[in-house]
Amino acid sequence: YAYFGEPVYVYSLKQGINDGFLTPFKVKQIATTLDDYVYTSDDQLVEGEVEEGKRYKEPEFNRTIEIVEREKYRVKLFMSEIDQREKTLVFCATQGHALLVRDLINQIKTSKDPHYCERVTAKDGSIGDQHLREFQDNEKTIPTILTTSQKLSTGVDARNIRNIVLMRPVNSMIEFKQIIGRGTRLFGGKDYFTILDFVKAYEQPRG
């Protein structure tokens with residue numbers, strides 16, 4: 001804005017939804033009893049080091065500290081909230097976290113297909129790209145869920161996404177709008193899509 005000046009025309013996400021060009025969305029904010037954590041000596045430390053007395057908060061989960069049981073609980077929670085046949089994107093803290101969440105989803109899914117949930121991150125290369133192409137194909141139902149960290153936040157055209165799960169903090173309103181843009185594409189029979197927000201991303205100031 002400083003360089004180019006004020007835009008000559010603005011067309012907002014809200015206006016696009018109101019005009020019928022984009023799909024509206026619902027937000028379900030989900031809080032758990034482990035949204036922050038303080039280590040005590042009777043907790044079991046599997047590996048690494050933990051700072052006693054320090055309060056670990058959402059930005060540090062799955063980056064500097066990992067509590068597998070916490071992630072398992074969150075996965076069970078959102079899998080019980082969604083129709084497991086609907087295409088879903090899950091945004092995770094890191095590529096390693098996306099791998100863990102993929103495995104947890106595949107452990108509790110009702111589907112018998114081993115490729116029900118796949119990870120698509122920079123590390124997955126051509127195999128990840130293949131999973132993404134199959135996910136984008138509206139004639140195919142597998143994979144049904146993709147986990148990712150950053151890769152799918154922009155530029156993914158998959159019209160039949162019904163759920164977006166936020167399991168990591170979203171750093172800005174711009175990034176938030178880019179992520180929800182993955183679900184706004186119109187598709188027959190799709191009246192809305194749902195954002196399942198574990199990280200209070202929707203509480204960020206509107207920008």
Side-chain angles (χ1 to χ4, degrees), residues 13 25 30 46-48 56-68 70-72 74-75 77-79 82 84 86-109 111 113-185 187 193-202 204 207:
L13 175 68
F25 58 90
I30 304 173
V46 178
E47 64 177 310
Y56 290 90
K57 296 191 175 178
E58 190 62 55
E60 293 158 301
F61 280 114
N62 304 300
R63 293 183 184 276
T64 58
I65 186 168
E66 180 183 80
I67 303 173
V68 174
R70 172 187 189 258
E71 301 313 300
K72 196 178 211 173
R74 295 206 298 175
V75 167
L77 209 52
F78 81 70
M79 289 290 280
I82 67 172
Q84 291 191 23
E86 292 181 342
K87 292 196 176 182
T88 299
L89 285 181
V90 184
F91 287 89
C92 305
T94 64
Q95 296 186 59
H97 184 219
L99 187 64
L100 170 66
V101 171
R102 181 203 70 182
D103 291 346
L104 292 171
I105 290 169
N106 281 327
Q107 285 167 23
I108 67 166
K109 68 187 189 314
S111 168
D113 196 296
H115 299 288
Y116 172 78
C117 180
E118 297 287 2
R119 181 183 77 160
V120 177
T121 66
K123 278 186 181 172
D124 297 303
S126 59
I127 292 175
D129 292 338
Q130 183 183 332
H131 292 325
L132 177 57
R133 283 194 300 274
E134 289 167 351
F135 180 80
Q136 289 172 304
D137 187 339
N138 295 311
E139 300 300 314
K140 294 183 177 176
T141 57
I142 298 293
T144 309
I145 300 181
L146 296 184
T147 67
T148 189
S149 52
Q150 298 287 342
K151 185 169 181 178
L152 303 183
S153 59
T154 58
V156 174
D157 183 14
R159 290 182 295 146
N160 200 17
I161 291 172
R162 302 298 180 109
N163 304 290
I164 291 176
V165 184
L166 299 175
M167 296 185 76
R168 68 160 171 86
V170 178
N171 297 320
S172 68
M173 185 47 59
I174 291 171
E175 185 187 19
F176 181 75
K177 286 182 175 176
Q178 286 174 332
I179 287 172
I180 64 173
R182 302 314 101 224
T184 55
R185 289 296 307 277
F187 189 75
F193 68 100
T194 304
I195 298 163
L196 294 103
D197 181 5
F198 283 94
V199 293
K200 300 178 181 169
Y202 198 68
Q204 292 208 37

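Throughout, numbering of the chain's residues begins at 1 and tracks the sequence.
- Considering OG1 of Thr147 and CG of Asp124, their distance stands at 8.0 Å, rounded to 0.5 Å.
- In this structure, Thr88 and Glu86 approach most closely via the heavy-atom pair OG1-O, 3.1 Å.
- Pairing each heavy atom of Ser149 with each of Phe91, the nearest pair is O-CD2, 3.8 Å.
- The line from CZ of Arg119 to NE2 of His131 is 9.5 Å long, rounded to the nearest 0.5 Å.
- Residue pairs meeting the salt bridge (Lys or Arg N to Asp or Glu O under 4.0 Å) criterion with at least one partner in residues 127-148, sequence neighbours excluded, are Asp129-Lys151.
- The side-chain heavy atoms of Gln84 and Thr144, taken from C-beta on, include no pair separated by under 4.5 Å.
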Passes side chain to side chain contact (heavy atoms under 4.5 Å, CB included), Met167 versus Asn62? Steps please. CA-CA 10 Å; Met167 296 185 76; Asn62 304 300; over 6 Å; no
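- For Ile127, the CD1 atom is loosely surrounded, since the number of other residues' heavy atoms within 6.0 Å does not exceed 12.
- Salt-bridge annotation for Arg74 and Glu71: present, with a side-chain N of the basic residue lying under 4.0 Å from a carboxylate O of the acidic one.
- The shortest distance between side-chain heavy atoms of Asp113 and Thr141 does not fall below 4.5 Å.
- Rounding to the nearest 0.5 angstrom, the gap separating the CG atom in Asp157 from the CG atom in Leu132 is 10.0 Å.
- No donor-acceptor pair under 3.5 Å is formed between the side chain of Glu60 and the backbone N or O of Tyr56.
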From CA spacing to verdict: side chain to side chain contact (heavy atoms under 4.5 Å, CB included), Thr194, Ile82: CA-CA 9 Å; Thr194 304; Ile82 67 172; over 6 Å; no
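- Relative ring orientation between Phe198 and Phe78 is described as perpendicular, the plane-to-plane angle rising above 60° on a 0-90° scale split at 30° and 60°.
- In plain terms, the two heavy atoms of Tyr116 and Asn106 that are nearest each other are CB-OD1, 3.8 Å.
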Run the side chain to side chain contact (heavy atoms under 4.5 Å, CB included) check on Thr94 and Arg63 step by step: do they pass? CA-CA 7 Å; Thr94 64; Arg63 293 183 184 276; 3.8 Å; yes
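- Note that CD1 of Ile142 and SG of Cys117 are 10.0 Å apart. Values are rounded to the nearest 0.5 Å.
- Residues Gly128 and Val120 come closest through the heavy atom pair O-CG2, 3.6 Å.
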Steps toward side chain to side chain contact (heavy atoms under 4.5 Å, CB included) verdict (Ile161, Phe193): CA-CA 7 Å; Ile161 291 172; Phe193 68 100; 5.6 Å; no
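- Closest approach of Glu58 and Pro169 over heavy atoms only: CG-CG, 3.8 Å.
- The two residues Arg168 and Cys92 make their nearest non-hydrogen contact at CD-O, 2.9 Å.
- The structure places NZ of Lys109 at 8.5 Å from CE of Met79, a figure rounded to the nearest 0.5 Å.
- The distance from the NZ atom of Lys177 to the CD1 atom of Ile179 is 13.5 Å, given to the nearest 0.5 Å.
- Side chains of Leu100 and Val68 form a contact here, defined as non-hydrogen atoms less than 4.5 Å apart.
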